Amino acid sequence: MNTDYILIEGDLNRIKNFVESLEDKYDIQITKDPVIGLTMVRANDSVEFQEFYLGEVLITETEVSINNKMGSGICIGDSPIRSYCQAVFDAVLQLKDENYEEITSFLAKEENLIHDKEKEENYEIQKTKVNFKLMEQN
C-alpha cells in the first residue's frame with residue numbers, strides 16, 4: 001500500500017473527515033504551519049539518459065507532532081488541508097497503536113476506490129480508441 005499515493009489521489013473530503021476523527025483521539029501539534037513554496041522537478045532524458053530539471057512546481061508543506069512522532073506532508077499546489085492530512089497520517093502510522101488497524105483499513109478502502117475510479121476512466125478512454133484493422137476491412 002502506497003500511503004502517499006492514496007493521500008494524493010484520494011478524495012480530499014473523505015480524507016479530511018477521517019483526519020478530523022483522528023483529532024479527537026490524538027493531541028496533534030502543528031510544528032510547521034502549511035507553507036507554500038517552490039521546488040525543482042527532475043526528469044531523465046530518454047535518449048541520453050541525462051538528468052535535467054523541467055522547472056519549478058508549487059508545493060504546500062506541513063509538519064505535525066503526535067506523541068513525539070513527527071509527520072510531514074508535501075503536495076503539489078496550494079493545498080494546505082491535503083498537506084496537513086498527509087502529515088497527520090505520517091505521524092499516526094509511526095505510532096502503530098490501538099488505532100493502527102482502523103487507519104490502515106481506511107487507507108485500503110480509499111486505495112480500492114482510487115483503483116475503481118482509474119479502471120472506469122481507462123474503460124472510457126478505451127471506448128474512444130480506433131481499431132484500424134476494422135477500418136481496413138471495408
Side-chain angles (χ1 to χ4, degrees):
M1 174 178 357
N2 185 341
T3 306
D4 292 331
Y5 176 74
I6 296 166
L7 296 175
I8 290 169
E9 294 295 325
D11 181 75
L12 182 56
N13 287 327
R14 281 193 302 270
I15 293 169
K16 180 181 158 212
N17 290 337
F18 189 80
V19 167
E20 287 172 354
S21 74
L22 293 176
E23 289 172 341
D24 296 333
K25 299 174 184 176
Y26 297 101
D27 179 28
I28 301 172
Q29 302 295 318
I30 298 175
T31 57
K32 181 179 179 183
D33 286 325
V35 176
I36 296 172
L38 296 171
T39 190
M40 294 297 288
V41 177
R42 286 185 285 181
N44 287 317
D45 180 343
S46 61
V47 176
E48 296 180 16
F49 304 105
Q50 295 288 330
E51 188 176 272
F52 68 98
Y53 291 96
L54 287 172
E56 292 179 320
V57 66
L58 183 75
I59 62 165
T60 307
E61 183 177 10
T62 308
E63 291 179 2
V64 300
S65 174
I66 303 173
N67 297 344
N68 296 321
K69 298 290 185 184
M70 296 298 295
S72 64
I74 301 173
C75 61
I76 293 175
D78 182 4
S79 187
I81 294 171
R82 191 174 294 274
S83 69
Y84 169 75
C85 291
Q86 287 176 316
V88 170
F89 270 97
D90 185 32
V92 296
L93 287 171
Q94 293 177 52
L95 294 173
K96 294 190 178 180
D97 62 2
E98 66 276 358
N99 299 312
Y100 186 78
E101 195 163 315
E102 176 189 1
I103 294 165
T104 56
S105 175
F106 169 80
L107 290 170
K109 287 177 189 173
E110 195 63 30
E111 183 177 38
N112 288 334
L113 291 171
I114 293 167
H115 288 309
D116 291 345
K117 180 182 168 190
E118 289 173 346
K119 285 178 187 175
E120 180 63 30
E121 288 173 356
N122 190 38
Y123 174 73
E124 293 298 320
I125 291 168
Q126 293 300 320
K127 289 193 321 189
T128 66
K129 286 180 109 176
V130 176
N131 187 338
F132 290 100
K133 288 187 180 186
L134 288 176
M135 291 175 66
E136 290 173 5
Q137 294 175 356
N138 292 332

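Keep in mind that this is a model prediction, so the values were computed, not measured.
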What pairs meet the salt bridge (Lys or Arg N to Asp or Glu O under 4.0 Å) rule with one or both residues in [range], with sequence neighbours excluded?
| range | value |
| --- | --- |
| residues 52-64 | Lys32-Glu61 |
| residues 114-124 | Glu124-Lys127 |
| residues 82-95 | none |

Would you list the atom pairs, donor with acceptor, under 3.5 Å between side chains in residues 34-44 and any protein atom, with sequence neighbours excluded?
none

List for me each residue that meets side chain to side chain donor-acceptor pair (under 3.5 Å) alongside Asp97, sequence neighbours excluded, and say none if there are none. Tyr26
So, using side chain to side chain donor-acceptor pair (under 3.5 Å) as the criterion, who are the partners of Glu98 when residues are at least two apart? none
Enumerate the residue pairs fulfilling side-chain hydrogen bond (donor to acceptor under 3.5 Å, both in side chains) with a member in residues 6-15, sequence neighbours excluded, ordered by first and then second residue. Arg14-Glu110
Which residues satisfy the ring-ring contact (aromatic ring centres under 6.0 Å, His included) test with Phe18, sequence neighbours excluded? Phe89, Phe106
Listed by chain and number, what are the salt bridge (Lys or Arg N to Asp or Glu O under 4.0 Å) partners of Glu102, not counting sequence neighbours? Lys25
Applied to residues 42-75, the ring-ring contact (aromatic ring centres under 6.0 Å, His included) test, sequence neighbours excluded, yields none
Grouping ILVMFWY residues whenever side-chain heavy atoms fall under 4.5 Å, the cluster of Ile8 otherwise contains none
Taking distance alone, no hydrogens or angles, what donor-acceptor pairs closer than 3.5 Å link side-chain atoms of residues 70-81 to residues at least two apart or in another chain?
none

